[in-house]
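Numbers restart at 1 for each chain; the letters A, B, ... are given by sequence-line order, proteins then strands.
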Protein chains: 2
Amino acid sequence: MSLEKVADFLKQNDNYEILTHAYPDGDTLGSGYALCLALQQLGKNARVITTNLPKDFEFLLNGVKQQSFDARTVVSVDIASEQLLGCNRERYSGRIDLCVDHHAINRIEAPLKHVEADAAANCEILYRLFRLMNIDITKQIADCLYTGVSTDTGCFRYTNTTADTLRIAADLLELGADNVFINKVMFETKTKKKIALEREIYDTIEYCCADRCAIISVTREMKNKLGVGDDELEGLASIPRQIEGVMVGITMRERDEGGFKVSVRSDSHVNAAEFCARFGGGGHAAAAGCTVKGSLEEAKARLIAEIGDFI
Amino acid sequence: MSLEKVADFLKQNDNYEILTHAYPDGDTLGSGYALCLALQQLGKNARVITTNLPKDFEFLLNGVKQQSFDARTVVSVDIASEQLLGCNRERYSGRIDLCVDHHAINRIEAPLKHVEADAAANCEILYRLFRLMNIDITKQIADCLYTGVSTDTGCFRYTNTTADTLRIAADLLELGADNVFINKVMFETKTKKKIALEREIYDTIEYCCADRCAIISVTREMKNKLGVGDDELEGLASIPRQIEGVMVGITMRERDEGGFKVSVRSDSHVNAAEFCARFGGGGHAAAAGCTVKGSLEEAKARLIAEIGDFI
């Protein structure tokens, strides 16, 4: 459906619950809180539903009103499939009224869907939507949108970055987005623990497919030894992909409940989303994810067994 | 002098030598080759003078004609002082006709100077200059300018990034700049040796000023042991500054001729250029450099003795 119809739908309804995906990132949270602020500006009731809010993202709550209401309209932002709802899946399964997303493969079943696969970030779509709706893009909304646009492009480094992306970011800066603060928190700050973790991770690098695939792994044992939390694990996925000659970088993070959360980053020769789909996951051609069961060695062997088909 | 006068000067003269600074980075080289291409497009003779050209930057030579002529006009780009000419200093000292730069403290003595301290990159100034001169900004010129704009802003992460910076980058993408290739080479590729080096460097981190200053160091011994060249040392300066709570990050690289090349990165509370000026160096408020003589321990002690005044 067109962006105009999304705008009409949002104006006509009320009492919104906005769903974000599990293991939340800047784009799903930025989308969620930006949309919440915009709807509240229109006099609507709205809240954001998350699985958790990492402390680095708490600034996104600035200006968001806590409202008490019975939910009637459910909107998902930046969510490619119901599986990605995590602990909220059971509650919201089959209940999504409107899905706004930018993933090429979107499996959400909803009566209203707006998916733009060529948008670098879901927040790009929301920026255009808010313009269309004549929303006053306040500093708080600009901060949310800039967070999404910048994090989903690795601060404009990734291949998904377009001239549109950069122009939207320019507009957001002029609207008051605090890029100095947001870039510092998102891209320029490492805890001492994270540095210790990276040092350990360098020792786990394993290559396959004639060095065109590199795999790193973080086990629960490593996390416990170094005392690092999930917040410190963000951004690791860029490490293996950056190694010279590597076409696919795979990052394995052991989950508390067992098995591994797998992040795949690839260059234009390898479709990460299709690879992850083999394990029930999804994402973009250059950045995708899935979960794989088993011990480290078992899970790694399963990944290695499949990756050869894609290189 | 105004950009209009720079344009007039460039149109009126010929046989250009364009000077870049020693330890060349993307902004000085991007500026140099972009200007060379623009002048050749106007039918002028032009060549770029460098101390060296790291292999990652060789793509900037695309489309540059090798011309034989007697030099008559000397232009410096992105050079804050003659000291930064390195091995070309003796030859060109006092001979610069036009200086185009974006450093707040510029000590070049030249009859014609155009300095814009609020430009994130010198290539931003050249973009506006080329527009003014009706230069056809070809893909090759756009590649050069994008290289300068992106590298001097850490791919739009650093605090110097403005809405103008992002809009110029957007224009350059539309003019054909290959941001996918350039970002990959400049920001997204690490050799295996570089990863080994980073691992070693993590062991050299030293803190002072109640952990508000962090210092890392690379000695010739480390370089020899790991077999890394100067190309692999680029980008290290961001490591100490990124550590949580650190206001000033100092990176010391031992020079082949003895002593240390020092790179300083700071947050808005500390003026890196003023600190480096104490050692005869210079740069920007957030990113500056200098050289310090002596052994590792001596040089480090000299830096630590002064830094307290700035924190």
Which atoms of [X] approach chain A - backbone, side chain, both or neither, heavy atom under 4.5 Å:
X      : answer
B:L172 : neither
B:D164 : neither
B:K184 : side chain
B:Y207 : side chain

Q: Measure up the A:F156 and B:F156 rings against each other and bin them: parallel (under 30°), tilted (30 to 60°), perpendicular (over 60°).
A: perpendicular
Q) Can you tell me if NZ on A:K225 sees more than 12 non-hydrogen neighbours from other groups inside 6.0 Å? A) no
Q.
Would you say CD of B:E221 has more than 12 non-hydrogen atoms from neighbouring residues, nucleotides or ligands within 6.0 angstrom?
A. no
Q) Quick one: of A:C155, A:S268, A:A196, A:A177, who has the most non-hydrogen atom pairs under 4.5 Å with chain B? A) A:C155
Separation between [atom1] of [X] and [atom2] of [Y], rounded to the nearest 0.5 Å:
X      : Y      : atom1 : atom2 : result
B:E188 : A:I243 : CD    : CD1   : 12.5 Å
A:N183 : B:T161 : CG    : OG1   : 7.0 Å
B:L166 : A:I168 : CG    : CD1   : 11.5 Å

Q) Looking only at heavy atoms, which two atoms of B:Q242 and A:F187 are closest? And how far apart? A) NE2-O, 3.7 Å
Q | Interface moiety of A:D211 toward chain B, non-hydrogen atoms closer than 4.5 Å | A | side chain
Q | Proximity breakdown for A:L173 and chain B, heavy-atom pairs closer than 4.5 Å | A | side chain
Q: Kindly determine whether A:R157 and B:R157 satisfy side chain to side chain contact (heavy atoms under 4.5 Å, CB included), including the steps that lead there.
A: CA-CA 10 Å; A:R157 283 187 189 189; B:R157 284 188 188 188; 3.3 Å; yes
Close side-chain approach of [X] and [Y], heavy atoms under 4.5 Å:
X      : Y      : answer
A:R199 : B:D203 : yes
A:E174 : B:R167 : yes
A:I205 : B:K192 : no

